[in-house]
K.L.:
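Supplied in structure tokens, the structure appears directly below.
Numbered from 1 within each chain, the chains take letters A, B, ... in sequence-line order.
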Amino acid sequence: MHELAVAREIIDIVQAEMVRQNLHRVESVVVRIGALTGLNADALAFGFEASVVDTPLAGARLDVQQVPIKAKCRACGQEDAVEEFVFICPCCGGTDLEVIQGEELDIDHILGE
Amino acid sequence: MTSKVPIEKKVLGKNDEIAAEIRRRLQKGKVVALNLVSSPGSGKTSLLERTLGALNHTLNLALVAGDVQTENDAQRLIRAGGAKVRAIVTGGACHLDASMVAKAIAEIDLAGVDILFIENVGNLVCPSSFDLGEDMKVVVMSTTEGDDKPLKYPAMYRRSSVLVINKTDLLGQSDFDVERAKKNALSINGALTIFEVSCRTGAGLEAWYTWLTALAARKKGGS
């Protein structure tokens, strides 16, 4: 699915960083993926491995850090983990919740030289 | 020696930049932009056909229709009365991205347009990650699907503002329970505005048209 498109974006960004920061080898790329992105970590890693061949990132590994969803209730202010995508405040039953974590789709850092 | 090099960049940053540019352009023209998403066959094109037919005389409507392989949907919509219709054939891609939309709307004269509909590819997973510069996402579900669809595709329901439940004329023909479907959707997103319609019989569509008309008026009013 779109994991391949996302993997290619990651490779493009890292490739540009390699030039900018004068790196000649990347061992791994660490990404943070929020649960709300709907991205499958295994499919993403597979898409990455399949796409790095013949790029300056050849041999690099994708390390996916999954970020669970957290939300804050706009009614009572309670901050809580959101389990199973049920956006109902466990404290007051409110449904107006602001997502404070779980939307991430970021490259955090790379290990390289 | 291997060392840790911070990057701290959004993976879809490039897409988000293009989407922001589209949003600025539409905002300037006071155009409402709606991104329609659903599984294949829920009735996005039927809903748009009906909408173009009903509102084309009172509102200036434009439409970008994404399809994986054909221009069939766009052709249907042009026949329904839309002069400002552009097709995006994604050539296999499972979602629209902002650059495809930017290219398509560059070919449309947006002057005076009230509402731009963006019909996404029928898929409830991939399109949720790609901002297209829209004001809001409208998710369409139909009574021939499972009423647990929102629970299966929570990211899309969470990111949508409006839910249209289509094919209500078929209620009772399947195990679909409309109240359970609404409850499931609202458990993920309590702020959803919900319409129950049948694009086949026209039932419930008046409320949808009224809502669209009010939305366009509010945008033109400057808010």
K.L.:
If you count heavy-atom pairs under 4.5 Å between each of B/Glu8, B/Arg158, B/Lys10 and chain A, which one has the most?
P.N.:
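Most pairs with chain A among the choices: B/Arg158.
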
K.L.:
To the closest 0.5 Å, what do you measure between CG (A/Leu39) and OG (B/Ser129)?
P.N.:
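Taking CG in A/Leu39 and OG in B/Ser129, the distance rounds to 5.0 Å.
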
K.L.:
With a 4.5 Å cut-off on heavy-atom pairs, point out which of B/Lys4, B/Met1, B/Lys14 contacts chain A the most.
P.N.:
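So the answer, after comparing B/Lys4, B/Met1, B/Lys14, is B/Lys4.
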
K.L.:
Show your reasoning for whether side chain to side chain contact (heavy atoms under 4.5 Å, CB included) applies to A/Glu9 and B/Asn15.
P.N.:
CA-CA 10 Å; A/Glu9 286 293 330; B/Asn15 183 80; over 6 Å; no

K.L.:
Apply the side-chain contact (heavy atoms from CB on, under 4.5 Å) test between A/Ile10 and each candidate in B/Leu12, B/Ile7, B/Val11; give the one that qualifies.
P.N.:
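Considering B/Leu12, B/Ile7, B/Val11, a side-chain contact (heavy atoms from CB on, under 4.5 Å) with A/Ile10 is found only for B/Val11.
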
K.L.:
Counting only heavy atoms closer than 4.5 Å, note whether B/Ser187 contacts chain A via side chain, backbone, both or neither.
P.N.:
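Both backbone and side chain.
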
K.L.:
Only one of A/His109, A/Gln21, A/Met18 forms a side-chain contact (heavy atoms from CB on, under 4.5 Å) with B/Val5, so which one is it?
P.N.:
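The residue from A/His109, A/Gln21, A/Met18 that satisfies side-chain contact (heavy atoms from CB on, under 4.5 Å) with B/Val5 turns out to be A/Gln21.
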
K.L.:
Strictly below 4.0 Å, N to O, side chains only: are A/Glu103 and B/Arg159 in salt-bridge contact?
P.N.:
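Yes, charged N to carboxylate O under 4.0 Å.
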
K.L.:
Tell me, side chain or backbone of A/Leu23 under 4.5 Å from chain B's heavy atoms, or both, or neither?
P.N.:
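Interface part for A/Leu23: side chain.
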
K.L.:
Which region of B/Phe130, side chain (C-beta onward) or backbone (N, CA, C, O), has a non-hydrogen atom less than 4.5 Å from a non-hydrogen atom of chain A, or is it both or neither?
P.N.:
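B/Phe130 touches chain A through side-chain heavy atoms alone.
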
K.L.:
Within a 6.0 Å radius of atom CD on A/Glu98, are there more than 12 heavy atoms belonging to other residues, nucleotides or ligands?
P.N.:
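More than 12 heavy atoms, drawn from other residues, nucleotides or ligands, come within 6.0 Å of this atom.
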
K.L.:
Tell me, for B/Ser3 versus chain A, whether the close heavy atoms (under 4.5 Å) come from the side chain, the backbone, both or neither.
P.N.:
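Both backbone and side chain.
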
K.L.:
Can A/Glu17 and B/Lys9 be counted as an ion pair, charged N to O under 4.0 angstrom?
P.N.:
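A salt bridge links A/Glu17 with B/Lys9.
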
K.L.:
Please classify the contact between A/Arg25 and chain B as side chain, backbone, both or neither, with a heavy-atom cut-off of under 4.5 Å.
P.N.:
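Looking at A/Arg25, just its side chain touches chain B.
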
K.L.:
What pair of heavy atoms forms the shortest contact from B/Ala155 to A/Leu36, and how long is it?
P.N.:
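In this case the closest contact between B/Ala155 and A/Leu36 is CB-O, 3.1 Å.
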
K.L.:
Just wondering, do A/Glu84 and B/Leu151 contact through their side chains at under 4.5 Å, heavy atoms?
P.N.:
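No, their side chains stay 4.5 Å or more apart.
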
K.L.:
Closest approach of A/Phe85 and B/Ile188, non-hydrogen atoms and distance?
P.N.:
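Scanning both residues, the minimum pair turns out to be O-CG1, 3.4 Å.
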
K.L.:
Please check if the number of heavy atoms outside A/Phe46 that lie under 6.0 Å from its CZ is greater than 12.
P.N.:
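No, CZ of A/Phe46 has 12 or fewer neighbouring heavy atoms, counting only those of other groups under 6.0 Å.
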
